[in-house]
Chemist: 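Please see the structure below; I have some questions.
This is a predicted model, so every value here is computed, not measured.
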Amino acid sequence: MRKSRFSESQSIALLKEADAGMKVAEVCRQHGISDATSYNWKSQYAAIDASELKRNRE
């Protein structure tokens, strides 16, 4: 399986940018990801917060 260019915390940070009011297409264009990737991350990390992510890794 191919390794992702973005870590889980980076993915969540990008999703938060989109939630803050930026258009999803604009965030994706700035960071070089597709819209589909963004929506996949959104469904994957819907209920996970950054602090919960760190706790799960430990």
Chemist: Rounded to the nearest 0.5 Å, how far does CG of Asn40 lie from CG of Asp35?
Modeler: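 Going from the CG atom of Asp35 to the CG atom of Asn40 covers 11.0 Å.
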Chemist: With heavy-atom distances below 4.5 Å as the criterion, would you say the side chains of Gln30 and Glu17 are in contact?
Modeler: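 Side chain of Gln30 against side chain of Glu17, heavy atoms only: contact under 4.5 Å found.
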Chemist: Indicate the atoms forming the closest heavy-atom contact of Val27 with Met22, along with that distance.
Modeler: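 For Val27 versus Met22, the nearest heavy atoms are CG2-CB, 3.7 Å.
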Chemist: Give, for atom CD1 of Ile12 and atom NZ of Lys42, the distance between the pair rounded to the nearest 0.5 Å.
Modeler: 13.5 Å
Chemist: Is Arg5 reaching over with its side chain to a backbone N or O of Gly32, donor-acceptor style, under 3.5 angstrom?
Modeler: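 Yes, Arg5 side chain to Gly32 backbone: donor-acceptor pair under 3.5 Å.
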Chemist: Name all residues meeting the side chain to side chain contact (heavy atoms under 4.5 Å, CB included) criterion together with Ser11; count only those two or more places apart in sequence or in a different chain, and write none if there are none.
Modeler: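 With neighbours one apart ignored, the set is Phe6, Trp41, Tyr45.
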Chemist: Out of curiosity, Tyr39 OH to Cys28 SG, how far, rounded to the nearest 0.5 Å?
Modeler: 7.5 Å
Chemist: Without swapping roles, check the side chain of Gln10 against the backbone of Ser7 for a donor-acceptor pair under 3.5 Å.
Modeler: yes
Chemist: Report yes if the side chains of Leu14 and Ser38 come closer than 4.5 Å at any heavy-atom pair, otherwise no.
Modeler: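 Side-chain contact under 4.5 Å: no.
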